[in-house]
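Every chain is numbered from 1 and lettered A, B, ... according to where its sequence line falls, protein lines coming before strand lines. A quick note: this is a predicted structure, and the numbers were derived from the prediction, not measured.
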Amino acid sequence: MPIRTGLLLECQHRAIHHLPMRITTWNVNSLNVRLPHLLEYLAEFEPDVVALQETKVPDEKFPVAEVEAAGYRVIFSGQKTYNGVATISRDEATDMVTDIPELDDPQRRLLATTINGVRIVNVYIPNGQEVGSEKYAYKFHWLHAFKDYLKGELERYPQLVLLGDYNIAPTDLDVHDPMRWQGKITCSEQERAMFRELVSLGLTDTVRSLHPDEPMFSWWDYRMNAFRRRWGIRIDHLLATESMRPCAAGVATDYRARERPSDHAPVWVNFA
DNA sequence: ATGGTTGTCTTACAA
């Protein structure tokens, strides 16, 4: 059965407040390297929106023609070597924002836009490297400024999806080996408290709400055959306002198993 | 599991 048909069947029992949408987040770790995988993903899943992180491509070198040839539009905020975000969509993206007000930051980590009446806030939250490090302090500086910005977005846009690479594993259910990761970067109590603060602004962890008891991972270290051994963590998330009605979700783990993969797999949610 | 592996105008740094 084609996936598109499956989406409609899965969602038909829900009340529809906006167009049904399949929305994906994927840290591609270099769009230049991962472009073939992205084009395969678009053809296979026919998503309405895909938020990319770590594109690592400056805007003047973004592969616009390739994405448009696949039947999509794209907006982006990139830089050389590091970071970079892009949002791919079937329909028009308006009211683009690339910078957090009050945060003077050259790192390209935010791309907010409106698609079909839904505010799509695509983020590449800083990794933090190690608890207590300078980069860890930057992670929280960024997050505090972002949280203030997000409050305003939520007031303006009743239908909002906040998605991306959060670099936070919210609970031990999101970690293959919680004892190994206890207190480590992505799993520290301070990071988890910040994740809960974002949720408490009026958002739902859509993937977890649909799979409340199932360990699910979105990132596996390149080293030590971590993927083959299923040593993963869930750090890529789609949070949404209550109005959004998620009806199915999953991780396209298959894309992590391919040749020359990103270390993240795509995470998708269907909204009724 | 702290050993390693990716990606980047690389030989260091970020993840």
Can a cation-pi geometry be assigned to A:Arg22 and A:Phe271, taking NZ or CZ under 6.0 Å from the six-membered ring centre and within 45° of the ring axis?
->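 That pair does not qualify as a cation-pi contact.
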
Answer yes or no on whether A:Arg109 is positioned over the face of A:Tyr124, meaning its NZ or CZ is under 6.0 Å from the six-membered ring centre and within 45° of the axis.
->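 Yes, a cation-pi geometry.
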
Tell me whether the OP1 or OP2 atom of [N] has a side-chain N or O from [X] closer than 4.0 Å.
X: A:Arg223; N: B:dA15; value: no
X: A:Thr81; N: B:dC9; value: yes
X: A:Lys80; N: B:dC9; value: no

[X] [atom1] to [N] [atom2]: how many Å, rounded?
X: A:His37; N: B:dG7; atom1: NE2; atom2: C1'; result: 15 Å
X: A:Gln182; N: B:dT2; atom1: CD; atom2: C1'; result: 16 Å
X: A:Asn27; N: B:dT8; atom1: CG; atom2: P; result: 12 Å
X: A:Tyr138; N: B:dA14; atom1: OH; atom2: P; result: 12 Å
X: A:Asn127; N: B:dC13; atom1: CG; atom2: P; result: 16 Å
X: A:Glu54; N: B:dT5; atom1: CD; atom2: C1'; result: 14 Å
X: A:Arg109; N: B:dA14; atom1: CZ; atom2: P; result: 11 Å
X: A:Glu60; N: B:dC9; atom1: CD; atom2: P; result: 12 Å

Any side-chain hydrogen bond (donor to acceptor under 3.5 Å, both in side chains) involving residues 160-170 of chain A? Give me the pairs, sequence neighbours left out, ordered by first then second residue.
->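 Found A:Asn27-A:Asp165, A:Asn127-A:Asn167.
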
Looking for any heavy atom pair under 4.0 Å, which part of the strands does A:Trp219 touch: base, sugar-phosphate only, or nothing?
->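 Answer is nothing: A:Trp219 stays at 4.0 Å or more from every strand.
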
Using a cut-off of 4.0 Å on non-hydrogen atoms, how would the nucleic acid contact of A:Phe227 be classed: base, sugar-phosphate, or nothing?
->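 The answer is nothing, as A:Phe227 stays clear of every strand by at least 4.0 Å.
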
Which value, in whole Å, describes the distance between the P atoms of nucleotides B:dC9 and B:dG4?
->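 Each nucleotide's P atom is 26 Å from the other's.
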
Using atom P of each nucleotide, how far apart are B:dT2 and B:dG7 to the nearest Å?
->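 It comes out at 24 Å once rounded to the nearest Å.
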
The side chain of [X] is closest to which nucleotide in this list: [options]?
X: A:Asn32; options: B:dT8, B:dG7, B:dA15; answer: B:dT8
X: A:Lys184; options: B:dT8, B:dT2, B:dA15; answer: B:dT2
X: A:Val33; options: B:dG7, B:dA14, B:dG4; answer: B:dG7
X: A:Tyr222; options: B:dT6, B:dT8, B:dA15; answer: B:dT6
X: A:Lys56; options: B:dT8, B:dA15, B:dT2; answer: B:dT8

A:Lys135 or A:Gly232: which one's nearest nucleotide on DNA chain B is closer to the 5' end?
->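 So the residue in question is A:Gly232.
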
Closest-nucleotide 5' rank along DNA chain B - winner of A:Lys61 and A:Asp165 =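 With A:Asp165 and A:Lys61 compared, the 5'-side residue is A:Lys61.
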
Under the ring pair (Phe, Tyr, Trp, His ring centres under 6.0 Å) test, residues paired with A:Phe140 that sit two or more places apart =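 Per chain and number, A:Phe140 pairs via ring pair (Phe, Tyr, Trp, His ring centres under 6.0 Å) with A:Tyr136.
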
Fit a plane to each ring of A:Phe146 and A:Trp142, take the angle between them on a 0 to 90° scale, and name the class: parallel (under 30°), tilted (30 to 60°) or perpendicular (over 60°).
->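 A:Phe146 and A:Trp142: parallel rings.
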
Given side chain to side chain contact (heavy atoms under 4.5 Å, CB included), test A:Trp26 with A:His37 step by step and report yes or no.
-> CA-CA 11 Å; A:Trp26 192 5; A:His37 289 186; 3.8 Å; yes

